[in-house]
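Beneath this line is the structure, given in structure tokens, with notes to follow.
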Amino acid sequence: EPLIGHVDAVQALAFSSNAQQMLTLSRDNTLNVWDLSTQQTIAQPLVGYLGRYAKVNLSPEGRWLASAVCKTKLGNTCLESEVWLQELATGNMELQPISLAGSVDLVRFSPDTELLVIVFGQQIILWDIDSQIQTFVFDEPSGEVHALAFSSDGRLLATKSSTIRLWDLQTGEAVGEPILDKTINSNGYSLSDTYEWGVAFSPDRRWLATVGSVSGSLILVDVATGQPYGPPLIDPRNRLLTGTTVSVAFSPDGKKLISGNNTGGVILWDIDPVSWQHLACFEAGRVLTPEEWAAYMPAGEPYHPVCR
């Protein structure tokens with residue numbers, strides 16, 4: 001049955017990671033939190049959300065709601081924002097509202113719900129939820145941050161502007177050099193068009209996946225080296241990845257990668273090197289030579305005769 005709870009268009013929605021709650025944000029300036037088992041709202045609607053200016057995120061266990069709310073606007077410009085942290089069951093504030101001049105771009109919880117990350121232009125602000133203090137402020141020199149991702153162990157944060165940068169959440173320091181910093185890899189693929197779209201860690205923290213906003217190509221990056229892991233993955237049918245906004249996510253076992261766009265195209269990619277090796281053996285019908293291995297296997301994958 002349809003969930004009835006707003007009097008104007010729904011602007012955004014999100015699920016908790018345990019898939020038991022869902023939130024809906026509406027142009028009527030309210031936000032509802034739904035219990036999906038009963039299809040009823042939890043407590044009263046939370047009010048004060050100014051339409052498209054609000055950014056929201058549910059904590060992984062579904063207890064907390066973080067939201068960035070525009071408090072003052074002039075025309076289409078948000079002049080002042082507040083970041084709220086509320087307990088879903090009661091709507092009570094956990095933190096004093098955090099005031100910022102301008103519009104907040106993203107709010108995200110760390111996997112262990114110990115940190116709240118606020119993206120504000122070129123700044124990434126980290127708040128410790130228990131102590132209610134700001135722990136770090138990261139400045140991204142390459143431009144405004146449009147996307148971020150946590151590693152599954154919560155130790156690394158990847159932020160994406162015109163480059164991807166890794167941050168150590170325990171020290172507050174940048175890790176290594178920026179990734180995909182307007183370079184061209186050895187296969188001749190331009191990596192300078194990775195501006196704006198999604199980024200995701202594999203569960204084992206070995207890979208980052210990101211998407212080129214111009215080419216629509218899907219790029220795997222070796223986190224340890226900061227280098228592309230083989231050439232970009234391009235849809236062989238050249239029709240599903242032609243949309244403008246593209247998101248990416250890994251399967252829980254890290255062997256599959258899913259990508260999608262705003263035209264409805266969704267592709268499930270097999271990124272398991274063992275699977276690639278078996279497929280190559282099947283196509284060749286024999287053991288691959290070292291030269292064939294270098295040509296068709298990902299860069300850095302050591303040669304061994306897998307076809308038996």
Report task. Would you check if there is a donor-acceptor pair between the side chains of W167 and T159 at a distance under 3.5 Å? Result -> yes
Which atom names give the shortest non-hydrogen contact between [X] and [Y], and what distance separates them?
X    : Y    : result
F250 : F201 : CD1-O, 3.1 Å
S81  : S103 : OG-CA, 3.6 Å
G254 : I271 : O-CD1, 3.6 Å
Q123 : D139 : CG-OD1, 3.2 Å
P60  : S110 : CG-O, 3.7 Å
L100 : I118 : CD1-CG2, 4.0 Å

**Report entry** Those residues that, when tested against W34, pass ring-ring contact (aromatic ring centres under 6.0 Å, His included) (two or more places apart)
**Finding:** none
Query raised in the report: Side chains of I125 and V119: closer than 4.5 Å at any heavy-atom pair?
Result: no
Query raised in the report: Are any of the side-chain heavy atoms of V117 and L106 separated by less than 4.5 Å?
Result: no
Within this structure, what is the [atom1]-[atom2] distance for the pair [X] and [Y], rounded to the nearest 0.5 Å?
X    : Y    : atom1 : atom2 : value
E82  : T72  : CD    : OG1   : 8.5 Å
F138 : I124 : CZ    : CD1   : 7.0 Å
D222 : W207 : CG    : CH2   : 9.0 Å
I164 : E140 : CD1   : CD    : 10.5 Å
N57  : L65  : CG    : CG    : 8.5 Å
E114 : S131 : CD    : OG    : 10.0 Å

So, [X] side chain and [Y] main chain: donor-acceptor pair closer than 3.5 Å or not?
X    : Y    : answer
T135 : L126 : yes
D270 : K256 : no
S151 : L156 : yes
S161 : V145 : no

Report task. List the steps, then state whether side-chain contact (heavy atoms from CB on, under 4.5 Å) holds for T210 with V248. Result -> CA-CA 7 Å; T210 187; V248 292; over 6 Å; no
Query raised in the report: Can you check side-chain contact (heavy atoms from CB on, under 4.5 Å) on L115 and W127, steps first, answer last?
Result: CA-CA 6 Å; L115 296 174; W127 280 85; over 6 Å; no
Query raised in the report: side-chain contact (heavy atoms from CB on, under 4.5 Å) with P111: which residues, sequence neighbours excluded?
Result: F150
Report summary line: So salt bridge (charged side-chain N to carboxylate O under 4.0 Å, His left out) across residues 145-159, not counting sequence neighbours, yields D153-R205
